[in-house]
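Here is the structure we will look at.
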Amino acid sequence: MRLLEGKTAMIFGLANERSIAWGITKAFHEHGAALGISYAGEALERRVTPLAESVGCSFVEPCDVSDDAQIASVADKAQQRFGEVDILVHAIGFAKRDELSGHYYNTSRAGFHLAMDISVYSFTALARAFQPMLRPGGALLTLTYYGSEKVSPNYNVMGVAKAALEASVRYLAYDLGPQGVRVNAISAGPIRTLAAAGVSGFKTMYRRFAELAPLHENVTIEDVGGAAVFLCSSLAAKVTGEVLFVDSGYNVLGITETVE
Ligand code: NAD
Ligand code: 0WE
């Protein structure tokens, strides 16, 4: 069953074959969607172009989401190429590395602004830029993490940013609902992507996660891709403003002590 036949999807946040955006792109392609891919900057072009080609995607455009002009430019090009768009995926998050260790209270003003700009505001900016070309029955999707709800050591300003991103999902769902466009987030368990590489303590928490989670398995980019297809298809027709956990059930745990 091809769930996205006839739909056009714009994907933001593809860096390499480990990216969550890549898991979503592959799943969308398998389900028959036409694709447009955007990446952060020139440095990634060499990596992203062959990935795009492998899913028959010839719309590959750079867009640094901290720059309004680049957002306007990619939206303009998408309109020229596709006319209308059904799906937009935002798989982008960034904070300065030194904000992701030590005490949260040491977050600098500039570090706070940067994390909020790239990880939160960009979703709203993309929603606004693409709003005029979104077809009824369309869907926006972003990626979040449980550190928005509960303290995840070292996640720090990103946890605060993800809380704001999840609130943005609800406000955007309210704004775009009358247009027939749904807005949701997937809260993924830890995955070893570029954005997780070199994060202090990641390896240990990744291992502990699989030990503790009800399903006792780590989450893959393919797992996220499957849930993304669901949320962006008509199967999820009345689901909006939601955060769907794709985390092997980790978030339902109250106490992480095991008996015996
Ligand atoms: P990734 O490094 O593959 O993707 C992050 C992307 O953000 C990269 O493609 C990067 O180029 C892009 N980006 C950063 N700054 C940008 C800018 N200024 N303009 C445009 N793009 C920019 O890592 P990922 O883990 O696939 O991350 C995707 C999303 O998933 C992020 O929002 C992340 O917070 C979220 N997430 C990740 C995990 C995990 O454990 N890996 C878990 C839950 C949620
Ligand atoms: O959202 C994320 C990734 C967030 C992230 C990671 C980096 C590392 C490299 C944002 N910006 C940067 N900037 C860099 O320079 N995740 C959910 C993965 C993640 O990141 C963590 C985690 C987990 C899980 C950081 C600290 C603690 C846990």
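Below, all heavy atoms of this structure are taken into account, side chains as well, without hydrogens, waters or symmetry copies. Counting convention: from 1, in listed order, for ligands and their atoms alike. Every value quoted in this text rests on a predicted model; they were computed, and no experiment measured them.
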Considering only heavy atoms, does Asp64 approach ligand 1 within less than 4.0 Å through its side chain, its backbone, both, or neither?
-> both
Can you list the atoms of ligand 1 that are under 4.0 Å from a heavy atom of Ala40?
-> 11 (O), 20 (C), 21 (N), 22 (C)
Options Ala161, Cys63, Pro190, ranked by nearest heavy atom to atom 20 (C) of ligand 1, top entry = Cys63
Identified side chain to side chain contact (heavy atoms under 4.5 Å, CB included) partner of Leu134 from the options Ile87, Leu140, Asp86 = Leu140
May I ask whether Gly189 has any heavy atom positioned less than 4.0 angstrom from an atom of ligand 1?
-> yes
According to the interplanar angle, ranging from 0 to 90°, do the rings of Phe245 and Tyr146 count as parallel (below 30°), tilted (30 to 60°) or perpendicular (above 60°)?
-> perpendicular
Taking the six-membered ring of Tyr206 as reference, does the NZ or CZ atom of Arg192 fall below 6.0 Å from its centre and within a 45° cone about the axis?
-> yes
Would you check the N or O atoms of Tyr145, main chain and side chain alike, for any that come under 3.5 Å of an N or O of ligand 1?
-> no
What's the shortest distance from atom 13 (N) of ligand 2 to any protein heavy atom, and which residue and atom give it?
-> Ala95 O, 2.7 Å
Between Met158 and ligand 1, is there a nitrogen or oxygen pair with a distance under 3.5 Å?
-> no
Below 4.0 angstrom from a heavy atom of Tyr145, which ligand 2 atoms are there? Numbered from 1 as shown, please.
-> 17 (C), 24 (C)
Below 4.0 angstrom from a heavy atom of Ala195, which ligand 2 atoms are there? Numbered from 1 as shown, please.
-> 3 (C), 5 (C), 6 (C), 7 (C), 8 (C)
Atom 2 (O) of ligand 1 sits nearest the protein heavy atom Ala195 N, 3.2 Å
What is the nearest protein non-hydrogen atom to atom 36 (N) of ligand 1, stated with its residue, atom name and distance?
-> Ile20 CD1, 3.9 Å
Please determine, by modelled atom types, if Gln179 and Gln131 share a side-chain donor-acceptor pair under 3.5 angstrom.
-> yes
Return the residue, atom name and 0.1 Å-rounded distance of the protein heavy atom closest to atom 35 (C) of ligand 1.
-> Leu143 CB, 3.7 Å
Tell me which part of Thr142 gets within contact of ligand 1: side chain, backbone, both or neither, using heavy atoms under 4.0 Å.
-> neither
Quick one: look up the protein heavy atom nearest atom 15 (N) of ligand 1 and list residue, atom name and how far away it is.
-> Ile118 CG2, 3.6 Å
Can you tell me the protein heavy atom closest to atom 4 (O) of ligand 1 and the distance?
-> Gly13 O, 3.7 Å
Tell me whether Ile118 is reachable from Tyr155 by hopping between hydrophobic residues (I, L, V, M, F, W, Y) whose side-chain heavy atoms are closer than 4.5 Å.
-> no
Going by atom types alone, do Ser73 and Asp76 pair a side-chain donor with an acceptor below 3.5 Å?
-> no
Please report the closest heavy-atom contact between Val219 and Val246, naming both atoms and the distance.
-> CG2-O, 3.4 Å
Flag side-chain contact, heavy atom, 4.5 Å: Phe59 against Glu61 = yes
Scanning both residues in full, the closest heavy-atom pair of Gly13 with Ile92 reads CA-CG1, 3.7 Å
Just go through Ala91, Ser119, Ala43 and tell me whose heavy atom is the nearest to atom 5 (C) of ligand 1.
-> Ala91
With only distance considered, is Ser19 within less than 3.5 Å of ligand 1 through an N or O on each side?
-> yes
Compare Val120, Leu14, Ile92 and give the one whose heavy atom is closest to atom 7 (O) of ligand 1.
-> Ile92
Looking only at distances, please establish whether an N/O atom of ligand 1 is found under 3.5 Å from an N/O atom of Ile191.
-> yes
Considering only the protein, which heavy-atom contact is closest to atom 25 (C) of ligand 2, and what is its distance?
-> Val199 CG1, 3.2 Å
Among Val199, Ile221, Ile24, Thr144, the residue with a heavy atom nearest to atom 44 (C) of ligand 1 is Thr144
Examine the proximity of ligand 2 to Ala197 and report which part, side chain or backbone, both or neither, has a heavy atom under 4.0 Å away.
-> neither
Given the rule that I, L, V, M, F, W and Y join up when any side-chain heavy atoms are under 4.5 Å apart, are Val60 and Phe28 in one cluster?
-> yes
For atom 25 (O) of ligand 1, closest protein heavy-atom neighbour = Thr193 OG1, 2.5 Å
Would you check the N or O atoms of Leu194, main chain and side chain alike, for any that come under 3.5 Å of an N or O of ligand 2?
-> no
To the nearest 0.1 Å, how far is atom 9 (C) of ligand 2 from its closest protein heavy atom, and which atom is that?
-> Arg97 NH2, 3.5 Å
Residues which pass side chain to side chain contact (heavy atoms under 4.5 Å, CB included) with Leu100, listed by chain and number, not counting sequence neighbours = Ala95, Met158
What about Phe202: any of its N or O atoms under 3.5 Å from an N or O on ligand 1?
-> no
For Gly93, the ligand 1 atoms with a heavy-atom partner under 4.0 Å come out as 7 (O), 31 (C), 32 (O)
CD of Glu211: more than 12 outside heavy atoms within 6.0 angstrom?
-> yes
Please say whether Tyr155 places an N or O atom under 3.5 Å from an N or O atom belonging to ligand 2.
-> yes
With atoms numbered from 1 as shown, which atoms in ligand 2 lie under 4.0 angstrom from a non-hydrogen atom of Pro153?
-> 27 (C)
Is the closest heavy atom of Asp67 to ligand 1 under 4.0 Å?
-> no
With the 4.5 Å side-chain cut-off for hydrophobic clustering, are Leu141 and Val181 part of the same group?
-> no
Measure across Val55 and Leu35 and return the closest heavy-atom pair with its distance rounded to 0.1 Å.
-> CG2-CD1, 3.8 Å
For Lys162, is at least one N or O under 3.5 Å away from an N or O on ligand 1?
-> yes
How far apart are the closest heavy atoms of Val160 and Phe112, and which atoms are they?
-> CG1-CE1, 4.0 Å
Sub-3.5 Å N/O-N/O distance, Asn16 and ligand 1 | no
Can you list the residues that meet the side chain to side chain donor-acceptor pair (under 3.5 Å) rule with Arg128, with sequence neighbours excluded?
-> Tyr121
Who's the nearest protein heavy-atom neighbour of atom 19 (N) of ligand 1, and how far?
-> Val65 N, 2.9 Å
Heavy-atom closest contact (Asn218 atom, Pro190 atom, distance) | ND2-O, 4.2 Å
Which ligand 1 atoms, with their elements, are less than 4.0 angstrom from a heavy-atom of Leu44?
-> 11 (O)
Ion pair present between Lys96 and Glu99, side-chain N to carboxylate O less than 4.0 angstrom?
-> no
What's the verdict on ring-ring contact (aromatic ring centres under 6.0 Å, His included) for His90 and Phe12, showing C-alpha distance, side-chain angles and the deciding distance?
-> CA-CA 5 Å; His90 172 271; Phe12 290 81; 8.0 Å; no
Min N/O separation Ala188 to ligand 1 under 3.5 Å = no
Looking only at heavy atoms, is any part of Ser187 under 4.0 Å from ligand 1, and if so is it the side chain, the backbone, or both, or is it neither?
-> neither
Cut-off 3.5 Å, side chains only: do Arg135 and Thr8 have a donor facing an acceptor?
-> no
